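Take a look at the structure set out below.
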Amino acid sequence: MVLQRFVYKFGTSSVVCAIIRRYSAYPIKPKKPKAEGDTKKFFVDFKKVRVIGGKGGDGCISFRREAKVEFGGPDGGNGGHGGHVIFTGTQNESSLSSVQTVLKASSGIIGKSSNRHGKDAEHLYTEVPLGTIIRDQNGNELTSLDGEREYYIAACGGAGGKGNQHFVSSEDTTPRYAEEGAYGEDRTLYLELKTMAHIGLIGFPNAGKSTLLRAISCARPKVAPYAFTTLHPHVGIVEYDDYERVIVADIPGLIPDAHKNRGLGVSFLRHIERCLCLLYVIDLSIEEPWTQLEHLKYELEQYKPGLSERPHAIIGNKMDLEISRKNYIEMKSRTNLKIIPISAENRQNLKQLLVEMRDMYDIESVTTEYG
Ligand SMILES: Nc1nc2c(ncn2[C@@H]2O[C@H](COP(=O)(O)OP(=O)(O)OP(=O)(O)O)[C@@H](O)[C@H]2O)c(=O)[nH]1
Ligand SMILES: [Mg+2]
């Protein structure tokens, strides 16, 4: 009787489920583990985007129809204007990764009878980091968004069409036509960051750049004992006691002839161009590590003359290994440049490195726009 009333109230299936749930010894369905997608957001300093302004709303063809008004005139309202696509500069963003590749603003609303005009569409605002350069398809610089809330209208929305009421004239008092809303602009643009980081870590694959970035910041690039572990630049922030934040980029490994598109190609040399200062990370445990420094400088010079002469310092990594200590002494005798010996894995001597980094940053932030 009780069961009957229960079935009546909740339906048969819920009762069956309840009974199974009560008496089965095992869970009905084992819980599936969540998919482990690659949710990491990579640093993006260059993006091709298509921007499409919203279409204007069509004008309306309508005539006033009311009781006792036999020949009410035309009363079709105008369509609303389509929305613009607008880029605004903000310091809350540091990468172009959140900018979508196709940005389409919404369309205006069509006009209606009784001279009701359609509503204009909302503009589509997209935030980009400060220092974003916007180029057209031919590579010409259109603008550079350097200040907070500076904006650039990338694609204008189409104008709304006029309703038939707009076309009334002495010659044609009952126009049976209206204007269609115009299509919005459709353009392809290139967004590019002027500055990617204050300090870039440059080195051969396996030199320990990612290990170092993990040690000094909260960034978590993958570390592994094989070449080209890092395929995209990663950016970490080093915060000092006075709350000054220095942005450090781990750039994928370079190899000889990288300027001829060997290895991971020229694109990574482009990333280096957007770093204010450079830290050459040298693996001191390999044979003749000083040749690495020459190769790195040569590649940068081949890509862009003068690039290797940006304010820089040399980091001798893997000092925890016996062979590195010998190489360090030899390397010091071969170059007049200062070498900061560290062990990124064991976090040794990172304090000295952080002090050197801060000095570089302080000098550069005074001389450049983007401190
Ligand atoms: N012994 C020792 N090993 C280190 C040190 N730093 C990094 N390694 C090891 O070197 C290997 C490469 O380190 P990564 O940080 O992935 O090197 P990377 O320069 O980022 O390499 P790519 O991403 O391929 O360019 C890993 O196995 C690290 O554990 C160190 O200070 N001492
Ligand atoms: Mg790496």
Side-chain angles (χ1 to χ4, degrees), residues 38 40-45 95 196-197 199-238 247-259 261-272 274-275 277-300 303 312-329 331-332 339-354 356-357:
D38 193 358
K40 270 184 221 154
K41 262 193 176 178
F42 295 114
F43 185 87
V44 179
D45 59 349
S95 155
M196 170 176 157
I199 295 176
L201 302 178
I202 323 288
F204 272 50
N206 262 335
K209 301 176 293 297
S210 306
T211 313
L212 176 58
L213 188 69
R214 286 173 77 105
I216 58 174
S217 75
C218 294
R220 287 288 167 268
K222 191 176 165 188
V223 169
Y226 50 80
F228 300 120
T229 312
T230 307
L231 297 173
H232 303 269
H234 288 259
V235 174
I237 295 170
V238 180
I247 302 170
V248 183
D250 167 21
I251 295 166
L254 289 176
I255 54 167
D257 282 344
H259 71 277
N261 227 358
R262 241 191 105 208
L264 291 176
V266 189
S267 60
F268 297 113
L269 289 160
R270 205 187 62 218
H271 295 307
I272 297 169
R274 298 200 190 119
C275 297
C277 312
L278 310 178
L279 280 179
Y280 294 105
V281 183
I282 308 291
D283 178 356
L284 289 180
S285 67
I286 60 157
E287 249 179 65
E288 302 190 350
W290 41 91
T291 53
Q292 276 197 6
L293 183 63
E294 284 158 26
H295 281 305
L296 289 172
K297 284 192 164 188
Y298 175 76
E299 289 307 317
L300 300 198
Y303 175 69
H312 61 269
I314 300 164
I315 298 175
N317 191 26
K318 308 200 183 176
M319 278 298 282
D320 51 303
L321 302 174
E322 186 62 44
I323 182 147
S324 305
R325 279 170 229 149
K326 277 187 227 151
N327 280 338
Y328 171 60
I329 295 164
M331 190 161 171
K332 258 198 345 186
I339 306 168
I340 310 160
I342 63 157
S343 167
E345 196 159 81
N346 296 352
R347 302 183 175 220
Q348 283 167 357
N349 208 22
L350 295 186
K351 215 169 176 181
Q352 190 200 342
L353 171 66
L354 292 175
E356 295 280 345
M357 278 168 53

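Values below: every heavy atom of this structure, side chains too, minus hydrogens, waters and symmetry copies. Numbering of ligands and ligand atoms starts at 1, following listing order. All figures in this text were calculated on a predicted structure; none of them were measured in a lab. By convention here, the first residue in the shown sequence is residue 1.
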min-distance protein heavy atom vs atom 17 (O) of ligand 1 -> Gly208 N, 3.2 Å
Please check if the side chain of Asn317 supplies one atom and the backbone of Ala207 the other of a donor-acceptor pair under 3.5 Å. yes
Which of the ligand 1 atoms, numbered from 1, are nearer than 4.0 Å to a heavy atom of Gly253: 25 (O)
For Thr229, the atoms of ligand 1 under 4.0 Å from one of its heavy atoms are 22 (P), 23 (O), 24 (O)
Less than 4.5 Å apart, side chain to side chain, heavy atoms only: is that true for Glu299 and Tyr303? no
Does ligand 1 come near enough to Ala344 that some N or O of the ligand is less than 3.5 Å from an N or O of the residue? yes
Could you check whether any heavy atom of Ala224 sits closer than 4.0 Å to an atom of ligand 1, since that is the contact criterion I want to use? yes
When rounded to the nearest 0.5 angstrom, what distance separates NE2 in His295 from CD in Gln292? 8.5 Å
Measure across Leu321 and Ser285 and return the closest heavy-atom pair with its distance rounded to 0.1 Å. CD1-CB, 3.6 Å
Taking the side chain as everything from C-beta on, heavy atoms only, tell me whether Pro341 gets closer than 4.5 Å to Gln352. yes
With heavy-atom distances below 4.0 Å as the criterion, list the atoms of ligand 1 near Asp320. 1 (N), 2 (C), 30 (C), 31 (O), 32 (N)
For atom 19 (O) of ligand 1, the closest protein heavy atom turns out to be Lys209 NZ, 2.7 Å
Got the closest protein heavy atom to atom 6 (N) of ligand 1, with its distance? Asn317 ND2, 3.3 Å
Is it true that some N/O/S atom of Thr230, main chain or side chain, lies under 2.8 Å from the Mg ion (ligand 2)? yes
Would you compute the distance between atom CG of Leu231 and atom NZ of Lys222 and round it to the nearest 0.5 angstrom? 8.5 Å
Inter-residue atom distance Ser217.OG - Asp250.CG, 0.5 Å rounding: 9.0 Å
pair Leu296-Ile282: side-chain heavy atoms closer than 4.5 Å: yes
Under a 4.0 angstrom heavy-atom cut-off, which atoms of ligand 1 come close to Tyr226? 24 (O)
So, is Thr229 placed with an N/O/S atom under 2.8 Å from the Mg ion (ligand 2), counting both backbone and side chain? no
Which residue holds the protein heavy atom closest to atom 14 (P) of ligand 1, what is that atom called, and what is the gap in Å? Thr211 OG1, 3.6 Å
Answer yes when Asp283 and Lys318 have at least one side-chain N-carboxylate O distance shorter than 4.0 Å, and no when they do not. yes
Atom 29 (O) of ligand 1 [closest protein heavy-atom partner, distance rounded to 0.1 Å]: Glu345 OE2, 2.5 Å
Distance-only N or O hit between ligand 1 and Asp250, under 3.5 Å: no
for atom 21 (O) of ligand 1, nearest protein heavy atom and its distance come out as Asn206 N, 2.9 Å
Specify the closest pair of heavy atoms between Ile342 and Asn349, including all atoms of both residues, with the distance to one decimal. CG2-O, 3.6 Å
Leu321, any N or O under 3.5 Å of ligand 1 N or O: no
Is a donor on one side and an acceptor on the other found under 3.5 Å between the side chain of Arg274 and the backbone of Ala197? no
Go through ligand 1 atom by atom and flag the ones less than 4.0 Å from a non-hydrogen atom of Phe228. 24 (O)
For Ala227, the ligand 1 atoms with a heavy-atom partner under 4.0 Å come out as 24 (O)
For atom 10 (O) of ligand 1, state which one of Met319, Gln348, Lys318, Arg214 supplies the nearest heavy atom. Lys318
Would you indicate whether the side-chain heavy atoms of Leu269 and Leu300 approach each other to under 4.5 Å? yes
Which residue and heavy atom of the protein sit nearest atom 20 (O) of ligand 1, plus the separation: Ser210 OG, 2.7 Å
